[in-house]
Structure formats: C-alpha cells, structure tokens
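Heads up, the thing below is written out as structure tokens.
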Amino acid sequence: MKLGFSPDEELFRAECADWLNGQMSGEFRDIKGVTQLTAMPERRKEWEQQLGAHGWSCIGWPEQWGGRDATLAQQVIFAEEYAGAGVPGRVNHIGIELAGPTILAFGAEEQKQRFLPDIAAGRTIFCQGFSEPNAGSDLASVRTKGRLEGGEWVVNGQKIWTSLAHISDWIFVVTRTEEGSQGPKGLSFLMMPIDQPGIEIRPIRQINGDAEFNETFFTDARCAADSLIGAVGDGWRIAMGLLAFERGVSTLGQQMGFRNELDAIIAAAKANGAARDPLIRQRIAKAETGLRLMRYGALRMLSNTNHSRIDGAALTYKIQWATWRRGLGELAMDVLGQAGEVTDGEAYEWGTLPNLFLYSRADTIYGGTNQIQRNLIAERGLGLPREPRG
Amino acid sequence: MKLGFSPDEELFRAECADWLNGQMSGEFRDIKGVTQLTAMPERRKEWEQQLGAHGWSCIGWPEQWGGRDATLAQQVIFAEEYAGAGVPGRVNHIGIELAGPTILAFGAEEQKQRFLPDIAAGRTIFCQGFSEPNAGSDLASVRTKGRLEGGEWVVNGQKIWTSLAHISDWIFVVTRTEEGSQGPKGLSFLMMPIDQPGIEIRPIRQINGDAEFNETFFTDARCAADSLIGAVGDGWRIAMGLLAFERGVSTLGQQMGFRNELDAIIAAAKANGAARDPLIRQRIAKAETGLRLMRYGALRMLSNTNHSRIDGAALTYKIQWATWRRGLGELAMDVLGQAGEVTDGEAYEWGTLPNLFLYSRADTIYGGTNQIQRNLIAERGLGLPREPRG
Amino acid sequence: MDFALSDEQQMIADTARAFFSENATCERTRQAMAAGGADAGIDRELWRAFCTDLGLSGVGIAEAAGGAGLGLVELALVAEAAGAQVAALPMLGSLALCAQAVAAGGTAAQRDAILPALLSGEAIAAYVHDPALRAEGDLLTGESRFVLHGGAAQWFVVTSNSGAWIVPADAPGVTVRIQTTMDQTRPLACVTLTGAQGQPLTDPPAAIARAHTCGFITLAAEALGGAQATLDRTVAYAMERVQFGRPIASFQAYKHRLADMMIEIEQARSAVWWAACAADEASDEADLAVHAAKAFCADTYFMCAGNMIQLHGGIGFTWEHDAHLYFKRSRAIMSSLGDGAWHREQVATHILGALA
Amino acid sequence: MDFALSDEQQMIADTARAFFSENATCERTRQAMAAGGADAGIDRELWRAFCTDLGLSGVGIAEAAGGAGLGLVELALVAEAAGAQVAALPMLGSLALCAQAVAAGGTAAQRDAILPALLSGEAIAAYVHDPALRAEGDLLTGESRFVLHGGAAQWFVVTSNSGAWIVPADAPGVTVRIQTTMDQTRPLACVTLTGAQGQPLTDPPAAIARAHTCGFITLAAEALGGAQATLDRTVAYAMERVQFGRPIASFQAYKHRLADMMIEIEQARSAVWWAACAADEASDEADLAVHAAKAFCADTYFMCAGNMIQLHGGIGFTWEHDAHLYFKRSRAIMSSLGDGAWHREQVATHILGALA
C-alpha cells in the first residue's frame, strides 16, 4: 500500500498542468470555470476535439485507439490537474466513459474501428438511452422495440432522461429485439445516429430551470444491422457491464468537481463569517471527511485487482457520493443563508452553489435511486434474499 | 381549544401536590427519587396500597371500582404532580393501565368485582404474557396452548419479556385455545395466578445489568374456567384493544419521567460546562422541543373524541417517544463525557443517566419495534398495502 | 384544558381548505411565478378573493383595530390551508408581519390609514428588518436584501432591533430592486433606505414582538400544510406507480419512508397548535413555543418535500411536476425570519440561559 | 500509488484475524469482564499469547527500538482483528499509547528499561493525560479519572500538553482507584499524582504526537473491526430468524438498514487505510486524516452496534447476547481520546483555521 507518487509521476503531473493551464489561459480561456453541463455546447465540442488532437481525451485507453495506456496513477493525476485548472466537464463524458469502454469490451473489431477513433478525437458525441417512462428504476421492463428489416434495425418507442441528447451525434439504446420477451431476456444493445427523421428530442426542464435531460422518441428510427453490440439478446449483460464502467476512473474526475464545489462553500463561509459558527464547522468537517473517503474509496476500488471477491467499495460508491452531494447542497444553502435564494436579473439561472442545491436532488435518483442501490448492496453485497417482483 | 387550567383545576393540583409531597417527605421518604423499576419492590408494593387507601391509585376509573371519575385535565394534573414530587414509577402499572382497563372494557361483571377493587387497592400486582421466543413482534404466531380440563384452563408454553413477573401476583396470558388454529384466530385471553407449581419464572439480565424482564414457563399451569376474559377466541381482539390503552393517560405519567431525565441532563450540562457548547445547546433544544411535542401530541390524542377518524397522534406516539428517549440517552452520555462511563464500587449498577442510555435501547424494541410501528403507521395511517406474510 | 379544535375552528379550517384547494390551483400558482416585475409571485385575483370574498384576512387582529377578531389558532388554520397549496400570496408579509405590527404598535391614525387597505387586499405592505438600521430622528438609512414581496409593496414597515416605522414605498430615499428568487412564489426584493422619512409606530417593542410571533406561527403553519400535502400526494402517486411489477407503495422501504413523514407531520401539527394556543393565552411557554414550532415545522417540511422528490423518482425533479414548488417553498420557510439553528438557540436560551 | 494491501499485509491481516477469532472468544472475554481488581477487563493468557506466540506486539515500532518494524497500516490490521472480537486486552493503552510514546520520545535507557517488558506482555503501562498537570521540576501533581487499564499498570506514561514522564505505579505520591466501567473490557481507573517523581522523556512533543497518532488509528481500526463484526453477525441472524412466516432478512426495511451499515463500513475501511498510510508516509494530510478517521469510524461503529441491538429485537438487549459488548465498546471508542465533535473541530481547523 502506497499513496505517494513517484518522481516520474510528479513529472507527468507537471506536464498535465502545463498543457491544461496553457489552454485555459489561452485559446480556451472563455470556457474556464464553466460548471453548468449545458452551457456553451459548441465551444465545448471544440474543446473535446482539442483534447483529442493532443492525446488527452482518454489517456487510459489503449494507444491503438487514441489513448496513452496510462497507469492508474497517471489517470488519477490527470483528473486532479484537469479540475484544478478549472477545465469544465466533458460534454462527451458518455462517449469517453461509457460508450467507448463498452465498445472496447464487447464490440467487434470493425465496430472499434468505426467508433473509437472518432470518440477519442472528440468528433462523435454520445448519449445513452436506457430509462423509459415506465421503467425508471426497472431496466428489465424496457418496452422500446427493435426489429430487423431490410438489413437495418428499426426502432420504435420512447426513452427518457437522455442527458445531452440535443447536442449528441449518437445514442446507444437498449431495445427489446425479441418480440414478446419479458424481463432481462430478449434485450439488445444498439448504436444509433441521432440526426434522422425517426428520432425526435424534446427537452425536459428541471427543478433548476435548466434542461440537460430529454425525452427521446423513436418512430421507425433506423440504424445499420452491424450497429448491434455483442449478440442479439445480449443487451442486459452489456448494460450491466456498462454500469460497472460508471465506477471507473471517471469517478475521480467527478470528485474533482465536488472538490471545487466544497471549496466554493469553504470560501463563502470564510467570506460571510459562517466559518466561525461551530455548527457549520462540524458540517464542513464532515463534508471534507466524506469527500476524502470518496477519494480513498475510489482508489481502493481502482487498485482492487482481485475481482473474484465482491468489491464493497465499488458496490457502495454510487449511493455514497449521491447522498454526500445532496447533503453538500444543503450545507451550501445553510452557509449562504437567504443570499443563496436570490439572484440578480430576470432569468431563473443560478450560480454554482444554489444550482448544486437544486440539481443534487437528482443525484440520488438517476443511475439507480438510493432505494435501488440499497437493494443491490443488500442482495449482492450481503447475500440477502432478492426483492420479489409482483 | 384551550391549554390553561381552570381555578378549580388549580385547586385540585394543590390537593394532589400536598398529599404527594407529604408522603414523600413522610412515611415514604425512603422511596423518593427511586428510578430503577426493580428497586425496593416490597416498599413500592406498600406504596401501591397507600395510593389505593387514599383513592389516588387510578383516579380516571369509575368511582364504583376505586377511581374518582377524574376528568382528563385532572388526570393530566395528577400525572404532573406525581412526577414533580419525585414519586417512583408504579410497580403495578400493568394492572392499573392495562389489565384493569381491559377487564373494565371486556370483562364480565363478576370478573370486575373479583379483580378491579384489588387492583385499585394495590393488593393485586399484574404482569403481562404476550411475547414468545418465536413470536417477538408477531403476536399472531403465539404457540402457548390452553385447554379446558375439569373446569379449569390448563396452559403449556413459554412467554418472554414478562416485565416484573417475579414480583407480580397475576399474569394475563394470550393462549391458543383452539387446537390447530393459525394466526390471530383461536386465541384467548386468560388471567392466571402466578404462585402455582405450573409457573416458573427465570429472570433475564439486561444490558444495564438489571433484571426487569423474565422468561415465564407454563407447565400444566392452571386457572379457573371463568378466568377467561371475553369469549373463547376473542384473544386477538382484546389484545389489540389492550394495546390501545397503552396510549392512554398513562403516557403523561411516563412523560413526566422523561421530564425528570431531561432535567437531569440540563443540570449536568450546566454543572460541567457542556451548556456552553453550541452543539449541545442545539441538541438540548431539540430534546426539549421533542418532549413538549410529545406532551401536546398526547393531549391531542386524549382530547380527540372523534374516534371515527384515524388518530395520527395516537398511531405515531410509540415510535415517537421511543426514538426520542433513545436519542436522549445518547445526549446524556455526550453531556457527561467519559464520566458517564464509570461508577464507583464494584457492582455493575448505573445512575439515572447512564442507565437511561443503556435501558433506552430497549424502548425501540419492546411493545412493537420501530419497524413494526412503521408498518402499522403505513398500513393503518396511510392505507398502504399490507406487508405479506411468508 | 381541551386540546382539540372547537366546532368553529374546525369550520374555519374546512372553509379555508376548500377555498385554497379550489382557487389556489397549481396552474394559477405557475402563472403568478411566470409574471415578472411587481406582480411576480402574486396571484392578484386570488388575493382579492381571499381578502374580500372569504373574509379571513383580518383573523388574529382585534375587531377594534378593524380585524376579524379570533386568534392565532385560527390564523394558523388559514395559513396551513394556504401552505398546502403553495399559494402565491402576500399573506405572510402584508398580513402576519405588517398588519399585525401596525395593529399592535401603531397609532389609531396609522391603523386607520393602513389596515383597511391591507385587509381588503387593495394594498400590500412589506416588512423590512435591518438590525443595523441607522435612524437620525425618523430619517432612516439601511438595507435589507430579502424583503418579501417588496416589489409589490405600497408601504414598508421598517424595524430595527428597537424601533419601528412606516415608510411609503414612493417616499424619497427609498430604492427597490427586484430580484429573481428561488421560490418564485415568495419573491424577495432588495430595499435600500437612504435618509428616508419614516412615520414612527408608538410601541415598537409591541409591534416587533407581535409581528415575529405571528410570522413564526404563520411559517410553521404553512410548513405543516405543505408537509401534509407532500405526504398526501406522494401516497397517491405510490399507489398508482408500478415498478418491478408492483405498486411502489407495496415496497416496505417506501412505506417506512412515508411513515417517517407522517411521524414528523403529526408532531408538527402539535407544534403549531401548541404555539398558536400558547400565544393566544399569553402563556409563559409562548415564546419558547413559537421558536420551537418554527424550527420543527420548517425542518419537517423540508424533509417531507425532499422525500416527495425522491419518492417520485425522475419525474420528481422536473419543472413540470409540482414537487419542486413544495421543495423550494420549504427551503424559503427554513431560511425566513431566522434559520433553524437560530430558533433552537432561542429555545436553548430559555432553558440554559444565554450563551455568554 | 497503489491503495491495496500488499501480500505481506494481507498475510498479517489473515494471521491476526485467525488468532483473535480462535482465541479471543466471547466466553473468555466474559471471564475477563467478570474478574475484579487489577485483572478486570484483561484476558492475561490471551495477552501473553498475543505478545509472545503471535509476535505482533511490536508492530509499528522500529526494530532499532526493539519493535517488529512495519508500519501503522499493519498496526491497524492487528487492531481491526482485535476489535472484531471485542478482545479484552491492554493493546491500546500499553502498546499504542505508552510503548509508542517511549519509543518516539524516550531515551535509549528508558526504551531498554521498559519496551521489552511491554512488548513481551510481562508488564503493562497505562497512559495518563492531564492538560492541567502541574510539574515542579519532575515532581508531578495532577489527576485523570479515565486511565485505561490503570489498575493493572506497572508504569504510567504521564503527559500534559507539553511534557511527558514515566512514573512507576508504586512510586510515592501515586494513588490508583479502580472503578466499574460501562465497557468492562476497557476498565478506567482514577489515577492521582501528588508530587510523584517522574522520569522525563527527552522529546515530549514527539512522544505525545506519536502516541496520539497511534491511539487515534488504533481506535479507528478497532471500530472498523467491531462494526464489520456487528454487520456480519446481524446478517447471519437475519437469515435464520423467522417472523411473520419469513426470514427477517427478506424484509426490505431490514435489508436497507443492513445496506446502510455496509455503506458506512466501507467508508470506515477507506478511512483507516488512508489515515494509517498517510501517517506512515508522513504525508501533509496525516494529521487531518487521523482525526477524520477516529471521528468517522467511531460514529460508524456506534451506529452499527446500535443497529445490531435493534435488529436482533428483544434478545439484542440481554446480557447473555454479545450485542451489548459491541455496543459498549463502540461507546467507549467514541469518548476515548477526544469525542467526535472535538476531532471534527480539528479537521475544521485544518480547513478553516482555528476558531477564534
């Protein structure tokens, strides 16, 4: 066990910092510090391409597909420096963190060639189509149908919570390709181009006034026959594998965003005197502890090469960060006081901390609600009896 | 709606206070301030008789049976003055608060004549036999059997958590009188004398070192045929009615005990400086608020004469006080610091506050665990679907 | 001693509930939210109907002062019903704070000049509290960034820790800046006074004490109504929504979460009744009770509204669903007129003495 | 950077776990609890076997000072295993506090005089911390009511906020009063010094800092082990116990409570590893980490042990069942060497600066 970094790794850190800070004070200075995921989409697509052009888009991927075969330590370092330089979140995070790894793990060679270089280069932005209006937490009850017709997959149905679909190029969709099948059987995993008449995207306005999510309607939407990842009927297995990628190195980048949020709270508390309130101090100490424990939990999870046993750190990670961040939003507002509840101007648009408060109510819901997470932990982590279906 | 007391009621308060304070500074000064339920049982039985002899044993009962037909306000006042004078809890509380009211509500005239005057006079101490080792929270799975044989009920089985059985004269027992019956059907409610060869009592030592509870074994234990309350097979209905009595005026007396415990915490905090700690101040304020809300919840519940609708205050009362008191025990220890964890002498015996901390872990378990309470609230209070039996 | 609603009180509760559920619909609330400028967050038609048709605007103000008589229990019942619908009204600021302050501490002339207009809904007043207010004679200089419905007010009732004045909104030296507020049904304006001329109330302590008592009780009661509404709506949703082949209401963890909401709400109801009744009877406990009730009920509402979002799943955090209206109102109530920690510290001071 | 146990560390963890689960049985713990006087709360035979047969008593003390080398990660693994069994041993006081203090801040002669006896288990030392200690030269006057295993100690390591001394238990001016302690496996004696002669350590700050770091990590690791044991035992019980015709493990509310325990425990494990590793590497975060770990793990253990009682129902609060051993130990850990609020305030000081 070792937490420190080697001299070589510290050199790599300097290299990352140099390049990132150069970009954020140079060509891309206009996007520095942007936190809202929907802000400045065109410039941020350009940023994806800039990352790709300089080989920083997906450093953990194999070199062959646009990565650097970076070690875990290097990925940790890059994530830290990325956030430390005030670089905004990746608009193609689904492509980099979910779609890409899924194709790497389950895709055919020609699918890799078709998609991976474009994802790595920032030329193809991906979004995901999992949830449906009547299958929020219950992926196995997906109803969107796919059928093979004239050498193409034809898809009909509706997805919801498709984050950033309105600025994406491709969507991966879990569809029911076996007519009459039920539950996890008969599902398949398709990659579909978004810009086609059969796909309609309607934004969903959220609690914070922003519209990051969408409803996506499929009406005889089409994609080529070879857009199916894995085999027909493999959708459930692939979707489960994909969810595991969500607990990969990208969590460290996400945590660096949390770090920035907590730092903003600390700065606000120092500025308005809340930092002298013993109650607030306790809560900030708890928040700081929670964030550190997320970091070290993630490092445990990433360092765990013994995949034969259940990885408790990985299994509990989602509910841990979601609950922590929801609490962070409440702390932010209590630090700000009523000042957090007003904003100048007429638009219903919020700064980092009030937006955190509002948006974080979604964290404990999407990607498996806290209730679902507890079921999973109890059943997979502790071996308790499964919850019966009705 | 009115919270104040009338001049007549204040006169009654003075009368209560006079008599109680007189007793506690006179003949019964040795039991003043005793809090442990098992301490000084013989003297406290004498105290029961003293209460009975002066008509203060069960003032809410009808005059005919040894009560005073006291109004709700009078009962509230008596409970306040009782605790205010430092009078210890009633060793016959089961008789006064559960057995008596059950006999009043469901018993035959001759049963009333046989039991009620003796309970009121403090001559008959009652305990209850509900729980069984395999039916902790699940009264409907009672296995203790009763059969009619030669004009007597003959009982075999085992009860557990029979509080104070070792100093009681009678026990009321839920038995399965219909051979082969299941669930709530086929249960009956029997009154049995304890001093007989067929009943054996073994104390259960608790977390705090004390032994208030017992296991009670029935081996061909006997009682007269007319000791059955209500009709054969009525046991479930009567037991449910009896549990409702637990939410009666006696709750106010119980609350006065809580008041004394919270006051002891406040005094300790003032003495050791914890009262200047903003974190402790918040928790004391919360505890004080919780206690007041229990009081006003109980008054709502007792003032509610509209029994046709669901009484939310009554339904939520058990979990409310139990959870509050468990938290009070934790607060007590945090106020005391390590001083709460040591005691002079060799015996494992604890003062009021450490004992509160240990004992209150039972509060959220006996009389229906918090989990059972939440089921009841969800199902009866909110109309949600019942939890399926396996 | 009888801690149940009288028949008359029950009737007021029923009347208010019927009025608000019929009229303060979420469509109308959303219209008021979308309005900009001075009308932001006010359903003018609802306010007129409440003040004139329903005639409950003067509850808790003596008939001699032009009010409807009755007490704070009745006031609480009305506020509870309004809170249950997240009604977009200036009830808290214009009535519970300003009208009460003027009725309790103003001159007869001040009452006559202002109360009829406030109680009829023709005019709105807003409450400006600035502990650091400077008064040179009656020329006032100070600021509050959080003046409820300040953009719609004809008058301000301005208080410091010791003084109280009426200031017309159009007086020289008064600047009002309209802001966007998280709870759009509770718009907060920034009001700046620069040597503005105030008309002093005759009994500032009485005015301030009454305003705060009425404000705390109103907030607590609104919170109670809101919390109960979140529970009722979430129960209804849970019975309908099917996941994993079962109504979600049949999952025990879901049931227990709803039960926990009910446990807190029942206590919140006791808190509101206690505080209002103790204040009406001028009991020794009254001050402790109003602080305890404000803190407890606000926390209860926030917990319940957060649960409402959580238990609705994805739809719960959309703009289209009403859950966010409750959630934002609950946050606004938490931070209005002192946060929970401050109110609990007041309770602690009653028990433990002031923190040195 | 690699945040996993090395093969050697895994072997130490396995060895310690096997040793304690085989030897530190609850029967033996209960015997130690029932013993009175100086032996109260110490399983002497277990202590001998741990120090001599197992040979892990010197973990975290340099070989040059007579220890076994290795670091605090290894120390934490041993403490975790002992904590899982609520073992009745003077590990915290005699090793993590006293031996570490002497090794870090004592003279060579002091180390030679004391450490072999402590590490072999032949003698026990107890740690007396009194911030108000008065020292006239090396004549010490002061008191601590909470000296762990003070009744069994041959030596005391006495510290104030700035000084550190060794005091033989039989020196003139030393009074030891044995008390009954809630956690009978962690007896606290009252030790009074009245002009007792101390042998000063040469580097008190180093001694105190090391003792506290090791003490916090030991407590955190014991808490982790205890918490995991409460979860494991409660899961096993839940699979067996049938109520309402089903194993109680099948009730969702029960499952979620157990899941909540696992969520906290996984974080507690990260906390212990982090704190121990940061201290071993003398990282900038080390001080923040040990305070954070002590507070977090103690809270986790208390929550889990409380749940263990609750989820066992009636049997959970009997003396006969082991749940109360865990529960009382968790409380003892919470209040030992600074409570949670104090440790969190230290964390806050790192982030926000000291509270004026």
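The sequence lines fix the lettering, A, B, ..., with proteins before strands; numbering per chain opens at 1. Bear in mind that the values here come from a model prediction, so they are computed numbers and not experimental data.
In this structure, A:Arg300 contributes its side chain and D:Glu266 its backbone to a donor-acceptor pair below 3.5 Å. A donor-acceptor pair is defined here as one N or O able to donate and one able to accept, closer than 3.5 Å; no such pair exists between the side chain of A:Thr316 and the backbone of D:Ile263. Judged by distance alone, with hydrogens and angles left aside, the side-chain atoms of D:Glu281 form a donor-acceptor pair with the main-chain N or O of A:Gly4 at under 3.5 Å.
For the pair D:Gln252/A:Arg374, no side-chain contact is recorded, criterion being any heavy-atom separation below 4.5 Å from C-beta on. A 4.5 Å side-chain heavy-atom check between D:Met1 and A:Val76 finds at least one atom pair inside the cut-off. Proximity of D:Phe3 to A:Tyr296: side-chain heavy atoms (C-beta onward) are separated by under 4.5 Å at one or more points. Contact check for A:Pro385 versus D:Met239: side-chain heavy atoms found under the 4.5 Å cut-off. Residues D:Leu352 and A:Arg276 fail the side-chain proximity criterion, which asks for heavy atoms closer than 4.5 Å.
The choice from A:Gln282, A:Lys270, A:Lys286 that makes the most heavy-atom pairs within less than 4.5 Å of chain D is A:Gln282. For the options D:Ala341, D:Ala238, D:Ala292, D:Pro247, heavy-atom pairs under 4.5 Å to chain A are most numerous at D:Ala341. The greatest number of non-hydrogen atom pairs below 4.5 Å with chain A, out of D:Cys277, D:Ser6, D:Gly340, D:Ala293, is found for D:Cys277. Between chain A and the residues D:Val235, D:Leu5, D:Leu355, the most heavy-atom pairs under 4.5 angstrom are made by D:Leu355.
The minimum heavy-atom distance between A:Ala378 and D:Ala259, with the atom names listed, is N-CB, 4.2 Å. Summarising the geometry of A:Gly297 relative to D:Ser270, their closest heavy-atom pair is CA-OG, 3.3 Å, with the distance given to 0.1 Å.
Residue D:Leu288 touches chain A through its side chain alone, counting heavy-atom pairs closer than 4.5 Å. For a residue to count as touching a neighbouring chain, one of its non-hydrogen atoms must lie under 4.5 Å from one of that chain's; by this rule D:Glu285 touches chain A with the side chain only. Residue contact with chain A, scored on non-hydrogen atoms closer than 4.5 Å, involves the backbone and the side chain of D:Arg269 alike. Only the side chain of D:Asp260 has a heavy atom closer than 4.5 Å to any heavy atom of chain A. For A:Arg386, the part lying under 4.5 angstrom from a heavy atom of chain D is the backbone only. Both the backbone and the side chain of D:Gln267 come within less than 4.5 Å of a heavy atom in chain A. For D:Ser250, the parts sitting under 4.5 Å from any heavy atom of chain A are the backbone and the side chain alike. For A:Asn370, no part sits under 4.5 Å from any heavy atom of chain D, backbone or side chain. With a 4.5 Å cut-off on non-hydrogen atoms, A:Leu3 touches chain D through its backbone and its side chain both. Contacts between A:Glu379 and chain D at a heavy-atom distance below 4.5 Å involve the side chain alone, from C-beta outward. No part of D:Ala295 comes within reach of chain A, as not one of its non-hydrogen atoms sits under 4.5 angstrom from that chain.
The line from CE of A:Met1 to CD of D:Gln10 is 9.5 Å long, rounded to the nearest 0.5 Å. To the nearest 0.5 Å, atoms NZ (D:Lys255) and CG (A:Leu382) are separated by 10.0 Å. The distance from atom OG1 of A:Thr289 to atom CD1 of D:Ile351, rounded to the nearest 0.5 Å, is 7.0 Å.
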For this session: Output, in order, the C-alpha distance, side-chain angles, deciding distance and verdict of salt bridge (Lys or Arg N to Asp or Glu O under 4.0 Å) for D:Glu345 and A:Arg281.
Result: CA-CA 7 Å; D:Glu345 177 56 35; A:Arg281 290 172 73 85; 2.7 Å; yes

